[in-house]
Amino acid sequence: IHIHSQSHTHLPRCLSVCRFAWSRWSKMTFSGWILALCLVALEGERHAAHAEEGASSERNCSSVPPYLPPTAVNTTLRLLQLRAAMKPHNISAYIIPGTDAHLSEYIAPYDARLAWMSGFSGSAGTAVVTQDKAVLWTDSRYWVQAERQMDCNWELERDVSVSSITNWLIKETKEGDEVGFDPFLFSVDTFAAYKTKLAPAKRVLTSIPDNLVDEIWSERPPLPPDSLTRLPDEFIERTWQNKVDQIRGQMMDNPYKPTALLLSALDETAWLFNLRGNDIPFNPFFYSYTLLTFDKIWLFVHTERVTEELKVYLNSSCDTLHCVQLLNYDSVREHLMKYLEEPGVRVWVGTEYTNQALYELITPEGKLLQSTYSPVLTTKAVKVDTEQRILREAHIRDAVAVMQLLLHLERAVPEGMETELTAAEFVNECRSKQKYSRGPSFETISASGPNAALAHYSPSKETARQLRVDEMYLVDSGGQYLDGTTDITRTVHWGKPTALQKDAFTRVLKGNIEISRTIFPAGTKGVNIEMLGRRALWEVGLNYGHGTGHGVGNYFGVHEWPVGFQSNNIPFQEGMFTSIEPGYYKENDFGIRIEDIALARSIKTEHGNNYLTFETVSLVPYDRKLINTTILSLEQLVWLDSYYRVIREKVGPELKSQGLTEVYDWMIENTQPFLTDGASAVVASMSPLLLLLLLPLALL
């Protein structure tokens with residue numbers, strides 16, 4: 001019988017009683033009854049252990065009866081209702097993406113259709129429901145979570161590709177069958193990918209603009225009532241009028257001569273007008289579209305949430321170049337159709353964030369201009385001087401909160417006083433006390449032991465484990481501040497790490513350092529740098545299954561597209577911020593991730609000036625106990641010492657100004673140099689062979 005390592009002492013006691021009964025009474029008349037009673041008790045204990053431990057267990061649909069953990073959601077009635085709603089549309093299958101009409105990564109509870117239908121609350125997934133089957137597709141980050149949250153009405157496909165979904169649809173439906181979808185929840189590229197696969201198999205994609213899940217979702221959460229707000233002037237270098245002129249200039253310079261630009265991503269409109277909202281958890285966005293021409297600005301928004309002060313700010317009462325006309329959010333389709341009736345118009349869209357419901361209106365083809373990303377997204381990706389300065393400042397204050405957490409856990413965990421959930425709550429509380437705080441930037445990932453092997457696990461009352469000194473602990477957290485958005489991950493161990501844990505951690509750290517210190521030509525794509533984060537792991541046959549980094553905003557999304565290290569990210573330019581976050585995850589054992597935010601900045605080289613490197617702006621030391629200095633190069637050790645000096649110089653004064661003496665002492669202790677005095681000063685003059693020979697001496 002497999003029992004969790006923290007489980008119950010009742011089972012061994014029950015086994016002992018059974019053995020005693022058999023050994024002493026095996027020749028007695030009623031020994032068989034005694035043994036049977038013991039076995040019944042043993043089975044009862046097993047089920048009790050299973051139930052008590054259920055929060056960390058997965059469903060078992062093959063057992064009799066099927067086992068469902070307390071975290072699973074009963075979806076039987078919901079599926080019956082959806083299947084009934086499908087019949088009038090004569091569709092054989094219905095696709096449910098996990099996004100909203102703006103193709104957002106993080107969505108409001110109002111748009112959490114996939115979670116409501118399936119029980120699965122991960123940020124990436126697609127469901128398909130037929131009259132007799134319900135299936136979820138998601139990636140490796142969420143497989144265990146899906147098994148914990150879904151009931152046995154659902155099957156799990158461990159894939160996210162459109163080809164996997166369409167292959168399944170072709171197998172489960174007949175030629176001529178219709179597959180329904182909501183065009184507001186499909187991107188242009190996603191629709192094309194489905195159609196390319198299904199059309200040759202004679203399966204018909206049927207657009208149903210009135211979402212079927214919405215029809216049966218009787219207790220759907222309402223939209224937040226909060227009014228929109230504007231950023232304070234001290235955090236703005238460019239007024240919204242400056243930004244509008246800048247984007248109009250790019251429209252004018254485009255050789256294909258667009259007459260209008262359609263903005264669909266929520267951060268596009270928020271950035272353009274220096275506005276923020278509260279519609280999306282952890283993200284200061286609001287439901288909106290913008291249609292910008294050379295002489296008109298139409299903002300589609302829930303107008304009842306625009307205050308009189310904001311109407312004045314947006315010049316909404318006039319009709320000239322810098323006047324924003326406020327229109328109802330739901331009228332965007334109607335207004336776009338009306339604009340397209342005008343002769344000689346051409347609408348520019350970024351296909352990555354434009355939904356199919358709007359895209360399909362732009363006909364004929366001569367009225368359409370498309371690029372992967374809109375000029376707003378690519379312009380927003382490069383931070384101006386003020387944005388760079390205040391984002392650095394936000395990370396200094398954020399480092400204070402993370403250091404408070406790490407010191408607190410060092411003291412509390414050996415006393416058995418902390419769980420994954422209380423640790424997450426503690427760091428959120430620390431951030432809330434920092435200047436300009438506006439809450440977390442995402443749900444804190446606070447994970448110990450085997451939970452840390454789930455790259456995006458977040459604790460709840462049902463799943464939180466007690467933190468222990470003999471297990472690794474990973475905390476990935478971030479804050480929203482009026483001057484910036486933060487995201488940082490640290491992995492620690494309060495006891496004695498294993499050789500594998502220490503080796504894997506050091507190799508993850510090597511990957512982080514190698515990307516951070518690399519020098520590369522401006523215009524280099526992140527995908528061409530990314531392998532530096534994996535090389536040290538690859539050398540011993542280790543790897544990780546997630547991306548190596550993403551952009552980050554100024555009081556915006558914590559995952560800000562299109563910056564990062566993936567193939568569809570734009571090339572790096574000076575002024576871009578990205579995370580750098582290699583990791584390693586050993587299933588059912590431990591997880592490691594080291595994540596920092598870094599700024600791409602210019603650097604002079606011996607023979608050229610158009611080169612960049614990264615400046616790390618996250619300022620929290622790494623766990624020294626997990627670092628094996630013997631496999632770090634001297635250059636990497638020099639980088640570490642330089643980084644630790646920056647932490648002391650920038651975070652030290654902030655800790656003192658806040659009167660956090662104990663945290664300051666902790667910071668000083670944990671930023672001690674790795675090299676002895678003077679060792680780093682001669683690095684530049686040494687040959688690689690000499691560096692290798694002298695490295696052990698430098699560490700003494």
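Remark: the S371 side chain and the W348 side chain contain an N/O donor-acceptor pair separated by less than 3.5 Å. Judged purely by distance below 3.5 Å, without hydrogens or angles, the side chains of T485 and S441 never pair a donor atom with an acceptor atom. Q566 and H550 form no side-chain donor-acceptor contact under 3.5 Å, judged by distance and modelled atom types alone. Checking Y359 against S187 by side-chain atom types alone, no donor-acceptor pair falls below 3.5 Å. Between S374 and E268, the side chains place a donor N or O and an acceptor N or O closer than 3.5 Å (distance only, hydrogens not considered).
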Step-by-step ring pair (Phe, Tyr, Trp, His ring centres under 6.0 Å) determination, Y436 to Y555
CA-CA 10 Å; Y436 302 138; Y555 188 30; over 10 Å; no
Using the side chain to side chain donor-acceptor pair (under 3.5 Å) rule, take Q246 and T379 through it: C-alpha gap first, then chi angles, then the decisive distance, then the call.
CA-CA 9 Å; Q246 185 177 7; T379 302; 4.8 Å; no
Please assess Q434 against D398 for the test side chain to side chain donor-acceptor pair (under 3.5 Å), listing each intermediate value before the final yes or no.
CA-CA 8 Å; Q434 292 300 316; D398 194 73; over 6 Å; no
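Checking side-chain atoms of S437 against main-chain N and O of K433 turns up no donor-acceptor pair under 3.5 Å. Proximity of a side-chain donor or acceptor of E560 to a complementary backbone N or O of A381 within less than 3.5 Å is not detected. The backbone N or O of V128 lies less than 3.5 Å from no partner atom in the side chain of W137, so there is not a single donor-acceptor pair. Between the T190 side chain and the F186 main chain, no donor and acceptor come within less than 3.5 Å of each other. Here the side chain of T138 pairs a donor or acceptor atom with the backbone of A124 at under 3.5 angstrom.
Relative ring orientation between W116 and W217 is described as parallel, the plane-to-plane angle staying below 30° on a 0-90° scale split at 30° and 60°. Taking the six-membered ring where tryptophan is involved, the planes of Y373 and Y353 are tilted, since the angle between them lies from 30° to 60°.
Checked against a 6.0 Å centroid threshold, the rings of Y329 and H102 count as neighbours. The aromatic ring centroids of F181 and F191 lie less than 6.0 Å from each other. For F285 and F556, the distance between ring centers is under 6.0 angstrom.
Proximity of F572 to V563: side-chain heavy atoms (C-beta onward) are separated by under 4.5 Å at one or more points. Residues V347 and L340 meet the side-chain proximity criterion, which asks for heavy atoms closer than 4.5 Å. When side chains are defined from C-beta on, N274 does not count as touching R230, because their heavy atoms never get closer than 4.5 Å. Side-chain contact check for M251 versus T259: every heavy-atom pair is 4.5 Å or farther apart. Under the 4.5 Å side-chain criterion, counting only non-hydrogen atoms from C-beta, T239 is in contact with N242.
Across all their heavy atoms, Q480 and P284 have their closest contact at NE2-CD, 3.6 Å. Closest approach of A108 to D279, counting heavy atoms only: CB-O, 3.2 Å.
Of the charged side-chain nitrogens involved, none lies within less than 4.0 Å of a carboxylate oxygen, so that D226 and R305 do not count as a salt-bridged pair. Between E308 and K311, at least one side-chain N (NZ, or NE/NH1/NH2) sits under 4.0 Å from a carboxylate O, which counts as a salt bridge.
Counted within 6.0 Å of NZ on K525, heavy atoms from surrounding residues, nucleotides or ligands total more than 12; the atom is thus considered enclosed.
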